[in-house]
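Written out below as structure tokens is the structure these notes cover.
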Amino acid sequence: MLDITMIRENPQVVRAALEKRNLDPGVVDDLIRLDLERRSYLAEVETLKAERNRVSKEIGSSKEKSEREEKINAMRQVGDRIAVLDESVRQADTNLRDLISGVPNIPDDSTPLGKDESENVVIRTIGEKPVFNFDPKPHWQLGSELGIINFDQGVKISGSRFYVLSGAGARLQRALIAFMLDLHIRQQYTEKYTPFMVKAETLFASGQLPKFVDNLYHDVEEDFWMVPTAEVPLTGLHMNDFIEESDLPLRYTAYTPCFRREKMSAGRDVRGIKRGHQFDKVEMYIFCKPEDSQHELEKMLSDAEETARLLGLPYRIVQLCTGDLGFNARVTYDIEVWAAGCNEWLEVSSVSNVGDFQARRANIKYRSENGKTQLVHTLNGSGLGLPRALIAVLENNQQADGSIRIPEILQPWMGGITEIR
RNA sequence: GGAGAGAUGGCCGAGUGGCUUAAGGCGCCUGUCUUGAAAACAGGUGUGGGGCAACCCACCGUGGGUUCGAAUCCCUCUCUCUCCGCCA
């Protein structure tokens with residue numbers, strides 16, 4: 001969420017930001033109008049409240065009966081007027097909040113201008129694509145033949161877009177999770193295990209609600225929401241907190257399943273395990289001082305890169321352009337790994353600097369040296385999305401006979417086996 | 001699921017309708033004293049919002065209500081604790 005004071009003082013900055021994202025800048029005028037309206041109600045009602053407070057005090061100390069009666073009657077009328085104005089302020093507040101919470105973050109100057117994902121910029125490509133002396137198979141074929149991915153059973157118990165991992169496949173995914181968590185712990189992140197169901201308030205704090213309500217699973221009866229990413233509970237950990245300056249930066253990592261309705265993406269990526277309603281992910285999350293967020297972004301990116309590098313996966317770093325940038329983000333780098341079987345770059349990680357956008361929604365502050373309270377900056381990034389990392393590991397390490405070599409780095413979690421066959 | 005108790009500022013804790021629009025203590029900051037520190041003493045010390053400013057408004061778990069006036073009275077919900085029941 002953007003700061004209304006900032007919008008009031010720099011409307012042209014916000015208009016320009018919306019234009020860069022190919023969105024209508026007209027909302028800025030609506031915001032300014034609503035803000036003006038709200039402040040005018042506020043000024044009036046506060047004057048009346050001051051008067052009521054003053055006179056009520058006089059009533060308390062007054063001995064003269066007729067004088068008391070007179071003042072009580074006058075204040076009764078002031079009270080009625082206050083009630084009306086309070087309602088107007090409340091209404092203006094709600095309208096303003098509804099509108100402003102739908103406005104996306106302002107892209108950082110370093111984010112390249114562009115209309116959509118076709119104008120994202122490849123920053124660098126690391127590693128060599130594997131070469132085969134046979135036709136590499138896609139993971140859905142490899143997985144079915146080896147009996148480690150069972151699509152039919154997933155459909156049988158849950159419906160389309162679900163699958164079951166079996167035997168060494170299930171174990172390999174678990175190995176990836178453990179490897180990533182252990183790596184991030186070495187990289188100075190504290191592991192967290194969080195609830196997978198949260199309150200609506202928590203989703204609002206991290207920016208998923210109200211805008212992305214269509215992508216979320218919701219238990220209406222208990223009002224629990226399934227997390228679409230660990231970013232949600234991790235942001236929520238410090239909702240309404242003051243963090244000690246000496247504790248910053250706070251770096252967290254968490255494994256969670258992620259639940260997404262994928263309503264918008266119906267019909268996309270239907271083959272294999274690339275896109276489902278449920279997937280696993282290891283996330284990194286950082287709370288830091290504003291002046292450190294650029295530096296922390298670089299750290300997080302290199303930490304995510306190390307994951308791909310240690311797994312021996314060829315990858316490239318793509319910087320998102322303004323037209324493709326997510327709602328919360330100021331800068332985003334995607335990491336894409338090469339998958340030899342389906343012959344494409346798979347987005348496995350998205351590392352973003354969110355600035356104070358989430359911190360304002362979530363009300364997360366610290367006190368700086370000069371005694372002023374300030375919003376923290378937050379960053380988030382996947383330590384790699386599991387199904388896609390799994391796809392790349394399976395496809396890139398396949399052998400002519402359909403067996404799969406297990407990367408050395410994962411073998412400690414695989415009980416000593418070096419191949420799946 | 002049932003019964004009871006509770007929720008006040010960074011922390012502890014007083015406060016059952018108006019000299020309390022939050023006492024007192026701890027902690028923290030500043031000053032005096034000291035070679036320095038401690039102790040003692042004095043002053044200061046919540047958050048958000050409005051206003052150029054003086055200053056004003058809101059906030060005592062949440063949301064409503066009663067009243068000229070609510071931390072205080074009434075209703076709702078949430079959470080915590082104790083006991084009972086059920087339970088992986």
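Computed from heavy atoms alone, side chains included, the values below leave out hydrogens, waters and symmetry copies.
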(request) For B:G13 versus B:G85, give the span between their C1' atoms, rounded off to a whole number of Å. (result)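 Each nucleotide's C1' atom is 36 Å from the other's.
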
(request) Taking atom P in both B:U8 and B:G50, compute the distance separating them and give it to the nearest angstrom. (result)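 So the two P atoms sit 29 Å from each other.
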
(message) Strictly by Watson-Crick or wobble contacts shorter than 3.5 Å, is anything paired with B:C81, and which nucleotide is it?
(response)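 Because both required distances fall under 3.5 Å, B:C81 counts as paired with B:G4.
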
(message) Looking at B:G18, which nucleotide sits across from it as a Watson-Crick or G-U wobble partner, both distances under 3.5 angstrom, or is there none?
(response)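 WC or wobble partner is B:C68.
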
Less than 4.0 Å between a side-chain N and a carboxylate O, is that true for [Y] and [X]?
X: A:D241; Y: A:K365; answer: no
X: A:K299; Y: A:E296; answer: no
X: A:D86; Y: A:R90; answer: no

(message) Under 4.0 Å, counting only non-hydrogen atoms across every strand here, what does A:R81 touch: a base, just sugar-phosphate, or nothing?
(response)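 Touches nothing.
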
(request) Report which part of the nucleic acid A:R54 touches: base, sugar-phosphate, or nothing (heavy-atom distance under 4.0 Å, all strands). (result)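 The residue A:R54 makes no contact with any strand.
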
(request) Report the nucleotide, chosen from B:G51, B:G49, B:C57, that has the shortest atom-to-atom distance to any side-chain atom of A:R39. (result)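 Nearest to the side-chain atoms of A:R39, counting from C-beta on, is B:G51.
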
Which atoms of nucleotides 61-71 of chain B (N or O only) lie under 3.5 Å from a protein N or O atom, and what are those distances?
residue	atom	partner	partner atom	Å
B:C68	OP1	A:R76	NE	3.0
B:C68	OP1	A:R76	NH2	2.4
B:C68	O4'	A:I72	O	3.4
B:C68	O2'	A:S56	OG	3.2
B:G69	OP1	A:R52	NH1	3.4
B:G69	O4'	A:S56	OG	3.3

(message) Between the base of B:G49 and the side chain of A:E46, is there a donor and acceptor pair under 3.5 angstrom?
(response)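 Under the 3.5 Å cut-off, the side chain and the base do form a donor-acceptor pair.
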
